Engineer: 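I have a structure I would like to understand better, so I am pasting it below and will then ask my questions one at a time.
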Amino acid sequence: MQKLKYAEIKEKSLLIKEQALDYKTQQFILNSNLKNIKKDYGIFFTPEWLVDFMVNLIDIDKLSSKEDISILEPACGLAQFLFGIKRNHSSLFERAKLIGIEINQEVINYLVSFDISSKIELIKEDYLLWEANTSFDLIIGNPPYGIPSLSEHYTIKVEPEIKKKYKTLYETWYGKYNVYGAFIEKSIKLLKAEGQLIFIVPATFMILDEFKKLRKFLSQNGGTAIIYLGSDVFKPEADVSCVILDFVKSKEFVNRVEILEYHRNKIKAVKINSNWQGEVITFETDYSKKLDHSCSHKLGDIYEIRISPRTPEIKNNPYIVKAEFLNKQNYLPLLNGRNLKCNEIIYENLTGYWIKKADINKLRGYFNIPHIVVGLGFRENGRVAAAYDEKCYPWMGDVYHLIRKTNLFNLNFDMSEQEVVEYLNSDYVKRYVKDIYREITYHLSITQLKNLPLPNKKEWKRIKKEISL
């Protein structure tokens, strides 16, 4: 099967073709005039080279043997991918039934006004609520990205009742779900058996906890290939690490995931997992495999990992006071990520919040216990910033707390807290995180932190002596 044979590819040059001047003019006009619409709907137009590259991932041999071919571009905008098919596979464009779904009438009007919709059936609908009466051989496109909400903190403006419908309709919806995950689920459900889905999406679904149901869904419904593109695709409009999701709805390839990386006009196979059950998807290097094999523990084996209370909880807590200064004999300031450096805690009030020393355990019980704190983000030049809070201060915001477990398994772990801090701040962990997560996210999730390899004393000495950076 063509789409899951990337491991055999030694290199693949991008196919960059000329696009008609009038179509480029239309895209320029749409980008200029619909700036606010793009923001509210999570729209990012796809670079032409990437459209052509994705279109050339289509399994043409399989489609050419079919009589009735149906192709869908969800959230189609200017139907970049359907017209990319026209440029690269004109016979397929002419033979297939082509449908574009678009939620915004102004975008559809642009298509109609330039008379480029004669071959394409345009449907004005919210794709996530659209009731399709057919299934498709191919679904291709660039779905919108963003968390749906009317809050100013989120990019896609969606009424609460609509969001409630989304949550009801989509089995993969979990936590602060991003709409592109729902687009993936719906599209897979609309594929025919052996149908192909090709999307350009953020890489976050590979590792974040919010996408654990989606990963499971992918693993159970076919074969998944992921081509990592990095974070430059949509700059300067968006700084997001992207992948091409190339999925086939096939019982033959259930539980198979293949990871690839695109770099300097070449595709390199990274690894294949034929028994994927929806676990976090990571990259792999010779170095990361060495560190994994050198450590007998994972961080989550030894530590419970908790996160600090967030700002809304702090603001509504009756024991917390907002003030510039209070008597330090009775009060302690709440610290946050700005107070945390590698192996250093700045015990100053940078948040403006205080709590009585006697009430700290009412905020979190473990704040009374000396323990390791870890920055949620990759701080200080890509390091996982960790320090030992021996003064037992209260914390808020983007900081994790490592509480050592008291089970029998832990009796054989002999690293001190300070030695664990040294390890977490080391170049070894910095490189490991970079190697297996690339630039997918600027923040560590609890799952990522739990899965960090952790050595005992003997292993840590051996690592420093034998593993080269």
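Predicted model only: the values in this text are computed from it and were never measured.
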Engineer: Please name all residues satisfying salt bridge (charged side-chain N to carboxylate O under 4.0 Å, His left out) with R306, sequence neighbours left out, ordered by chain then number.
Structural biologist: none
Engineer: Does a side-chain N-to-carboxylate-O contact under 4.0 Å join E258 and R256?
Structural biologist: yes
Engineer: Hey, what's the ring geometry for H371 with H401, parallel, tilted or perpendicular (30° and 60° as the breaks)?
Structural biologist: tilted
Engineer: Kindly write out the residues that satisfy salt bridge (charged side-chain N to carboxylate O under 4.0 Å, His left out) with K216, not counting sequence neighbours, or none if the list is empty.
Structural biologist: none
Engineer: Under a plain distance cut-off of 3.5 Å, with no hydrogens placed, do N142 and T46 share a side-chain donor-acceptor pair?
Structural biologist: yes
Engineer: Regarding K189 and E185, does a basic nitrogen lie under 4.0 Å from an acidic carboxylate oxygen?
Structural biologist: yes
Engineer: In chain order, what residues pass the ring-ring contact (aromatic ring centres under 6.0 Å, His included) check against Y393, with sequence neighbours excluded?
Structural biologist: Y347
Engineer: Got a sec, which pairs hit ring pair (Phe, Tyr, Trp, His ring centres under 6.0 Å) with one end in residues 266-288, sequence neighbours left out?
Structural biologist: Y228-F283
Engineer: I156 versus S149: any side-chain heavy-atom pair under 4.5 Å?
Structural biologist: no
Engineer: Distance alone, cut at 3.5 Å: any donor-acceptor contact between the side chains of E210 and N178?
Structural biologist: no
Engineer: Do the charged groups of E261 and K266 touch, with an N to O distance under 4.0 Å?
Structural biologist: no
Engineer: Measure the acute angle between the ring planes of F413 and H297, then classify it against the limits of 30° and 60° as parallel, tilted or perpendicular.
Structural biologist: perpendicular
Engineer: With sequence neighbours left out, what residues match E459 under salt bridge (charged side-chain N to carboxylate O under 4.0 Å, His left out)?
Structural biologist: none
Engineer: If the condition is salt bridge (charged side-chain N to carboxylate O under 4.0 Å, His left out), which residues does D292 pass it with, not counting sequence neighbours?
Structural biologist: K298
Engineer: Would you verify whether the NZ or CZ of K405 falls within 45 degrees of the ring axis of Y303 while also being under 6.0 Å from that six-membered ring's centre?
Structural biologist: no
Engineer: Which residues pass the side chain to side chain donor-acceptor pair (under 3.5 Å) test with R310, not counting sequence neighbours?
Structural biologist: none
Engineer: Going by the salt bridge (charged side-chain N to carboxylate O under 4.0 Å, His left out) test, which pairs reach into residues 133-144, not counting sequence neighbours?
Structural biologist: K66-D137, D137-K192
Engineer: Could you note down all residue pairs passing salt bridge (charged side-chain N to carboxylate O under 4.0 Å, His left out) where residues 313-322 supplies at least one of them, sequence neighbours left out?
Structural biologist: E313-R364
Engineer: Can you list every ring pair (Phe, Tyr, Trp, His ring centres under 6.0 Å) pair that touches residues 190-212, not counting sequence neighbours?
Structural biologist: Y177-F211, Y180-F211
Engineer: Checking K290 now: which residues fulfil side chain to side chain donor-acceptor pair (under 3.5 Å) with it, not counting sequence neighbours?
Structural biologist: none
Engineer: Mind checking side chain to side chain donor-acceptor pair (under 3.5 Å) for N316 and listing every partner two or more places apart, or none if nothing turns up?
Structural biologist: none
Engineer: Taking atom CG of D286 as the centre, does the number of heavy atoms from other residues, nucleotides or ligands within less than 6.0 Å exceed 12?
Structural biologist: no
Engineer: Would you say the side chains of Q277 and N275 form a donor-acceptor pair under 3.5 Å?
Structural biologist: yes
